Amino acid sequence: MVTRNLFLVLTTLVVFTGTTFANTAKIKPQAPLDADLLDSEFIRLSKAIYSKNIAVNSAVFKNINSFQSRLNSLISENNETAAIRLVIRNLELIKNNIDHNSVFTVIRLLLKNNEYLTANNLLEHIKKEGDVSLISNIVFLFSKYHFNHEDYKKTLQTLDGIIPYLSVNDGHFALIMNGISLQKIKLHRKALVSYEKVPETSVYYEYAQLNKAIVYIRQGWWSDAHLIITHLLNKRKTSKSKHDRELVNRLYLVLGYSFLQQEYFRESRNAFRNIEKDSIYANRALLGIALAAANQGDNVGALNVLNILQQKNEKILPVDESYLLLPYIYERIGQNKTASASYSLALSYYENRIKELNSLIRKYRNKSFTKLPIVNNKLSLDGNLIELNDRNNEIFNNYRQLKMFSNIVSDPETSRKISLLTHKYQALLDKIVSEKLKQNIEYLESYQNQSQFGIARLYDNSRKKAR
């Protein structure tokens, strides 16, 4: 068996955590607590800017259809600032036509840009004048907003009582948000009830079932989790419809690592082999195959897979971990000289990676990273990918909005407030990115220590044999 200390490498993959909904992203450390305070400050400033400095420049419409046409045109042109100006300038028109479908476009636009006070003002009017169906569907948009802000208690509050009035798909979407929010506040059994309400006919059924399986795994109910995942995979084999390929790959990844932790190595290896080579989970699958192969005694197979990982030369965790596992496998098959050289190579590799990440922390300390693009919830710092959760992305969006405000506001006092809040956001974002880099450094330091221990163990064993 691979030693337990080495097996703990798996914990860095965080395979069973995170919302398997949407991007099936891993859970990331939450932003510092002052993010909520800055968010409130941003919301107040945004409202003041749009109300006093900008909205007066927009046209006033008397016809809701004409307003909608102009609004859609601005949004399609990616001119959302002008679209928000238009909304605020025509707020009374919107309030007088709350049954018009443009109200949904308006709320989505406002919440996307965190113009929350205007959106909430409109919501309060709708609550007084609208019917229960309209109110529920508008509140649903606010539920998604709170969910993306990781305010799970507020998400649960807003979802309470509205699901029966939503469309079928939105209702099932809401049930999954409800389940995930319950999981986040440690109410796992209640989360199961929410997932179980999503029927097999739903487009969100598989996401609900995968989340349910992960709840089972966290509770230690391995067999029940395996049954769920196996059922989903078998169902896909007989289906002719197109499916989300990465969801299938995710299912195999969770299944593979759950088998691995239960020491069903052959089943684990077979699960990992089903993950497509171009999948975002491919590298984690390769590492899983190597661990399963090593535990099966297939050391040659493990070495081959680890060498494939290293040859990728990517700055990702599975590659980092391969440098620790490779010498351990050589040690197991009695190639002590090769193992010693490989441990030394690992030490050098980890030393260089740690220096590189520390250098990145210094290099991007003063806001320079904020100019870098975010692709698929990842920020690339010289090839090092920093994964961002929805809350992190909201913070970046607020920062970008502030930069936009600074270009269109001329009032000195308001400009001063924008500048002050922008600096606060720069400091917060720097802290978020630095903490994520420091977390990776901690992983690397752990691998470095284990490599040093491996060299010491080889040296001690050679001395014992020499006696």
Side-chain angles (χ1 to χ4, degrees), residues 39-40 42-52 54-56 58-76 80-178 181 390 394 397-398 401:
D39 196 53
S40 297
F42 173 90
I43 287 170
R44 291 193 299 270
L45 182 59
S46 174
K47 173 63 175 174
I49 290 171
Y50 277 116
S51 298
K52 297 178 182 178
I54 301 175
V56 293
S58 294
V60 176
F61 285 85
K62 294 182 179 181
N63 180 279
I64 191 66
N65 289 322
S66 300
F67 162 79
Q68 182 185 36
S69 177
R70 180 58 181 153
L71 179 67
N72 290 339
S73 177
L74 289 172
I75 292 173
S76 66
E80 295 190 348
T81 302
I84 294 172
R85 295 182 199 175
L86 185 71
V87 166
I88 293 174
R89 189 67 168 155
N90 292 272
L91 203 54
E92 288 306 311
L93 176 69
I94 299 166
K95 287 181 177 180
N96 291 331
N97 293 273
I98 56 172
D99 291 326
H100 194 270
N101 57 17
S102 61
V103 73
F104 291 95
T105 304
V106 167
I107 294 291
R108 290 190 191 96
L109 170 71
L110 295 172
L111 292 179
K112 178 185 175 184
N113 290 276
N114 210 10
E115 181 51 30
Y116 184 83
L117 292 179
T118 303
N120 194 60
N121 176 289
L122 186 52
L123 172 62
E124 292 305 313
H125 176 79
I126 291 170
K127 284 181 177 179
K128 293 176 183 177
E129 303 294 334
D131 60 28
V132 65
S133 177
L134 175 63
I135 295 169
S136 297
N137 280 276
I138 294 296
V139 169
F140 174 62
L141 299 180
F142 280 80
S143 299
K144 292 197 285 187
Y145 169 89
H146 294 304
F147 184 79
N148 288 337
H149 279 71
E150 297 184 358
D151 188 344
Y152 300 114
K153 290 185 178 180
K154 191 70 173 179
T155 302
L156 292 169
Q157 289 172 8
T158 50
L159 287 172
D160 187 30
I162 71 169
I163 293 177
Y165 302 99
L166 303 179
S167 68
V168 172
N169 285 345
D170 283 350
H172 297 160
F173 190 106
L175 285 169
I176 296 179
M177 279 202 301
N178 193 73
S181 297
D390 288 333
E394 295 294 339
N397 286 339
N398 283 354
Q401 287 285 98

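Residue numbers start at 1 and run along the sequence shown. Just so you know, these numbers come straight off a predicted model, no measurement behind them.
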For a quick test of reading the model, state the closest non-hydrogen atom pair linking Ser133 to Tyr165 and the distance between them.
OG-O, 4.0 Å

Decide yes or no for Leu122 and Lys95: does some side-chain heavy atom of the first lie under 4.5 Å from some side-chain heavy atom of the second?
yes

Of Asn101, Thr105, Asn97, Asn63, which meets side-chain hydrogen bond (donor to acceptor under 3.5 Å, both in side chains) against Gln68?
Asn101

With side chains defined as the heavy atoms from C-beta onward, is the minimum distance between Ser102 and Ile94 less than 4.5 Å?
no

Centroid-centroid under 6.0 Å between Tyr116 and Tyr145 rings
yes

Apply the test side-chain contact (heavy atoms from CB on, under 4.5 Å) to residues His149 and Asp390: give CA-CA distance (whole Å), side-chain angles for both, the deciding distance (0.1 Å), then the verdict.
CA-CA 7 Å; His149 279 71; Asp390 288 333; over 6 Å; no

Is there side-chain contact between Lys128 and His125, with heavy atoms separated by less than 4.5 Å?
no

To the nearest 0.5 Å, tell me how far Arg89 CZ sits from Phe61 CZ.
11.5 Å

Could you measure the distance from the NZ atom of Lys112 to the NZ atom of Lys144? Nearest 0.5 Å is fine.
12.5 Å

Spatial distance of atom OG1 (Thr155) from atom CG (Asn148) [nearest 0.5 Å]:
8.5 Å

Please examine the side chains of Asn113 and Ile84, heavy atoms only from C-beta on, and report whether any two atoms are closer than 4.5 Å.
yes

Do Leu159 and Leu175 come within less than 4.5 Å of each other through their side chains, counting heavy atoms only?
no

What's the verdict on side-chain contact (heavy atoms from CB on, under 4.5 Å) for Phe42 and Arg44, showing C-alpha distance, side-chain angles and the deciding distance?
CA-CA 5 Å; Phe42 173 90; Arg44 291 193 299 270; over 6 Å; no

Atom CG in Leu91, atom CD1 in Ile88: separation rounded to 0.5 Å?
7.5 Å

Using 0.5 Å steps for rounding, measure from the OG atom of Ser136 to the CD1 atom of Ile126.
11.5 Å

Going by heavy atoms in the side chains, are Tyr50 and Thr81 under 4.5 Å from each other?
yes

Please check if the side chain of Asp151 supplies one atom and the backbone of His146 the other of a donor-acceptor pair under 3.5 Å.
no

Please answer whether the main-chain N or O of Leu166 pairs with a side-chain N or O of Asp170 as donor and acceptor at a distance below 3.5 Å.
no

Quick check against the 3.5 Å criterion: does Thr158 have a side-chain atom that pairs as donor or acceptor with the backbone of Lys154?
yes

Step by step, work out the side-chain contact (heavy atoms from CB on, under 4.5 Å) result for Gln401 and Asn114.
CA-CA 9 Å; Gln401 287 285 98; Asn114 210 10; over 6 Å; no

Yes or no on side-chain contact (heavy atoms from CB on, under 4.5 Å) for Ile107 and Phe104, after CA distance, side-chain angles and deciding distance?
CA-CA 5 Å; Ile107 294 291; Phe104 291 95; 5.9 Å; no

Between Leu71 and Val106 the two heavy atoms that sit nearest each other are CD2-CG2, 3.8 Å

Can you see which heavy atom on Leu109 is nearest to which on Ala83, and at what distance?
CD2-CB, 3.6 Å

Working to the nearest 0.5 Å, report the span between CG of Asn90 and CG of Asn96.
11.0 Å

Is it the case that the side chain of Asn178 and the backbone of Ile163 share a donor-acceptor pair, with hydrogens and angles ignored and the cut-off at 3.5 Å?
no

Could you check whether Asp39 and Asn398, counting side-chain N and O atoms only, form a donor-acceptor pair closer than 3.5 Å?
yes

Heavy-atom nearest pair, Tyr152 first then Ser181, reads CD2-OG, 3.6 Å

Look at the side chain of Ser51 and the backbone N and O of Ala48, then say whether any donor-acceptor pair between them is shorter than 3.5 Å.
no

Side chains of Met177 and Ser143, heavy atoms from C-beta outward: is any pair under 4.5 Å?
yes

Quick one: does Ser66's side chain have a donor or acceptor within less than 3.5 Å of a partner on Lys62's backbone?
no

